[in-house]
Amino acid sequence: KIASEAVAAAKIYDRKREESQIITEISGMNRCESSVSLTDSSSLLSDESSVEIKQSASNALESCSIRTECLPKKEVHQAQVSMYRRSIIISATLAFICQMLATPHLLQSAGVTETHLFEDFLDKHIRPNLEHGWDRLNASVSMTSMAYSANEEKRPGYKIAKKGAGAKYPIVMVPGYITSKLELWSGEQCGRKYFRQSLWGSLSGAHTFFTDLDCWMKHLQLDPITGSDPPNIRVRAAQSGFEAADYFMSTFWVWAKLIENFADVGYDASSMTLMSYDWRLAFPILEERDGFLTKLRFTIEALHKSRGEKVVLVAHSMGSSLVLYFFAWVTRDVHESGGGGGSDWVEKHIHSFVSLAGTFLGTAKSTPALLSGEMKDTVSLLGPIGTVTERYFGRKRRKDLANTWGSVWSMLPKGGDAIWGAGADITQNDECLSPDISPLHYKEPSPIISFTDSPSASDHPQTEHNHHTSLVSDGSSKTIHLGTQHFQQIIHNFSSKANRSIDSVIDFLEHWGNGYGPSLSAAKLHSFRKKDEVTSDLWHDPTATPLPDAPSLKMYCLYGFGIPTERAYYYKKNCGESTEQDGGDCDNATLHDPPFTIDVSINDASRNIKKGVLFADGDGSVPVLSTGYMCVDGWSKKSNGLNPSGIEIITREYRDRQEFQVDDPMRGGPGSGHHVDILGNVNTMEDVLKIVTDFELDTVSTHIESDILNIAGRIQTHPLGGLTAS
């Protein structure tokens with residue numbers, strides 16, 4: 001059925017493409033955008049096929065929609081149309097590929113030994129066609145890129161260049177989480193055939209993931225104790241210049257559009273660079289293993305000297321957090337684990353710091369990633385694709401992998417209960433954002449994790465807890481140290497209370513450490529509690545580490561909003577599928593690994609809760625609480641000491657305005673405020689171009705449309721108190 005849906009969707013696209021003759025006139029592709037709709041396309045098929053494809057799109061839309069009545073009707077329609085098309089293409093295609101490539105592994109797990117016939121079938125008929133399909137997809141992406149390049153009048157870089165803008169300040173770009181390609185330089189026997197091939201960020205990496213998952217996992221995970229390379233394995237960030245992060249998987253643009261717009265105003269490889277890095281590593285290990293911070297320092301100094309102008313740092317997502325860590329490192333003495341650049345280094349070398357969707361206060365979704373290997377994207381997977389994903393690359397594998405990546409710990413929510421515990425971005429006066437279970441006037445912090453089967457959970461008062469819970473492996477990989485009484489007690493204590501704030505969640509993660517306890521490298525490298533002295537384990541936290549002494553520096557906080565974004569979660573104990581299907585008492589069962597999972601049965605549209613995930617305003621990945629709070633409040637108050645030299649902070653928000661694009665069907669269009677799409681948002685690109693060229697800079701001033709100012713005010717008046725002096 002899924003394969004037939006994929007074929008039907010392909011027929012729709014191919015037939016419409018032929019009728020419109022898009023291929024023959026690439027530069028005119030955008031003219032067809034308004035005329036192509038799912039309803040029109042479905043009329044090309046038989047009535048039966050049309051109904052089937054509409055129903056498939058409807059089901060896909062239902063699985064990802066959240067409170068669309070809170071948005072203007074026009075925006076809702078545009079979002080729905082985009083969701084229809086993208087959901088059909090992505091869901092059907094991925095389900096088909098996953099099922100085909102994962103079937104041999106599933107058969108072996110089920111005890112079927114004669115899988116070689118199916119493997120032969122895949123080798124002879126499926127994989128060649130997939131490779132051919134990838135080639136065609138790459139060709140279509142090249143055509144899309146050509147279309148964007150050909151339509152120069154649409155590019156903001158071309159427009160402001162015509163007005164007289166030109167390259168001025170040299171640019172250093174710092175990518176975000178997962179967007180730099182990772183290459184294998186040495187490995188175990190199974191991985192030696194992948195020497196210098198990308199294990200992440202390319203089609204070859206995807207092929208390895210689907211065909212040799214165990215080998216892929218072995219080489220992508222880090223040593224949990226050292227936080228660095230496992231023995232005999234070296235995976236490094238690709239050092240291929242702009243190509244290291246211009247596209248992800250060869251088809252998904254990341255920095256490509258911004259780079260081309262920089263070129264429009266006169267930039268080239270001599271005046272701008274992109275600093276790729278191994279995004280898995282905790283920030284201290286980036287310097288210890290790869291010398292990344294030192295390379296970044298010398299690159300900036302070289303550009304400053306060769307171009308005669310200070311540098312503009314442009315960072316995206318986690319890259320913004322990395323830049324703040326770099327500021328703390330480069331201005332500290334060597335004996336303080338710093339770079340020894342001097343307290344005035346930033347003032348001497350950096351003109352502006354542009355943060356695009358910066359994760360300044362972390363992300364809520366890093367919490368379930370460490371607890372259970374889950375997030376909205378995984379719990380929303382339904383039917384065959386969800387089943388295959390869970391059995392092939394299940395929660396335990398994802399959790400174990402994430403806990404070895406120090407970067408995930410660096411994106412845990414920062415500021416603690418004083419900021420996240422206020423629940424200020426959850427409880428709103430707007431009728432579209434109804435109160436959560438912890439109203440603002442409560443003295444207890446708002447939870448980020450709520451257990452629905454806890455003895456103290458109000459919704460389940462009849463549940464009793466077993467004090468002798470134990471853990472077993474689900475068989476997908478070897479059990480680590482979860483079977484000891486010590487960790488059983490830690491898990492019991494954590495899950496026995498209904499509501500857990502971010503402070504208590506981080507405390508649990510530090511003691512549990514995915515079975516390694518405090519020995520886990522990431523737990524040792526990150527502190528989330530303020531101290532009398534700002535030590536290096538706090539440099540990742542802007543609520544504890546002041547900005548540098550750089551009075552002439554300008555900071556720009558540019559981010560999208562208006563998209564439901566993960567903010568809190570409902571959990572239950574994980575007793576395995578058999579116990580749940582039998583309706584058995586979870587407390588009388590043996591907990592599986594992970595010991596608890598998101599409770600997808602919890603839904604409440606009035607409180608923005610869907611499949612156990614509570615949503616707040618953000619860019620789809622990072623809440624506005626993280627992208628905006630420090631910019632509009634935390635760094636604007638002299639009393640807290642976090643901006644000692646009075647650096648000017650300019651905040652600009654971009655409301656999400658998605659629209660379907662024929663020549664870029666997987667993305668949200670030129671007005672999208674999505675976390676990655678912001679790099680191609682025409683208004684964002686125009687603002688960044690004005691900053692780096694110093695052209696019409698007076699028009700790039702603070703512009704706020706979201707509720708972030710009211711959120712900051714509610715945090716300040718909450719009993720927990722907000723930020724205080726360092």
Trp635 and Phe360: CA distance, side-chain angles, deciding distance, ring-ring contact (aromatic ring centres under 6.0 Å, His included) verdict:
CA-CA 11 Å; Trp635 288 318; Phe360 291 130; 5.1 Å; yes

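- Ring to ring, Tyr247 and Trp253 are not that close: their centroids are 6.0 angstrom or more apart.
- Using a 4.0 Å cut-off between a side-chain N of Lys or Arg and a carboxylate O of Asp or Glu, Lys399 and Asp593 qualify as a salt bridge.
- The distance from atom CD1 of Ile449 to atom CZ of Arg500, rounded to the nearest 0.5 Å, is 11.0 Å.
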Test side chain to side chain donor-acceptor pair (under 3.5 Å) on Glu374 and Ser372 and set out the steps.
CA-CA 5 Å; Glu374 297 176 291; Ser372 59; 2.7 Å; yes

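- For Trp409 and Phe283, the distance between ring centers is not under 6.0 angstrom.
- Classification of Asp229 and Arg236 as a salt-bridged pair holds, one side-chain N sitting under 4.0 Å from a carboxylate O.
- Note that the CD1 atom of Ile233 and the CD atom of Gln221 stand 7.0 Å from one another [nearest 0.5 Å].
- Taking the six-membered ring for Trp, His674 and Phe561 have ring centres at least 6.0 Å apart.
- For the pair Leu220 and Trp405, the tightest heavy-atom approach, listed with the atom from each and the gap, is O-NE1, 3.0 Å.
- If you check the side chains of Ser501 and Asp417, you find a donor sitting under 3.5 Å from an acceptor.
- In terms of the side chain to side chain contact (heavy atoms under 4.5 Å, CB included) criterion, residue partners of Ala315 (sequence neighbours excluded) are, by chain and number, Val174, Ser320, Val323, Phe353.
- Between the side chains of Ser186 and Arg234, at least one donor N or O lies within less than 3.5 Å of an accepting N or O.
- One finds no salt bridge joining Asp214 and Lys218 here, because no Lys/Arg side-chain nitrogen approaches an Asp/Glu carboxylate oxygen to under 4.0 Å.
- A salt bridge between Lys531 and Asp537 is present, with a side-chain N of the basic residue lying under 4.0 Å from a carboxylate O of the acidic one.
- The distance between the ring centers of Phe209 and Phe393 falls below 6.0 angstrom.
- Aromatic rings of Phe262 and Trp255 (six-membered ring for Trp) have centroids beyond the 6.0 Å cut-off, not under it.
- You'll find the ring centres of Phe494 and Phe596 inside the 6.0 Å limit.
- Of the charged side-chain nitrogens involved, at least one lies within less than 4.0 Å of a carboxylate oxygen, so that Arg529 and Glu510 count as a salt-bridged pair.
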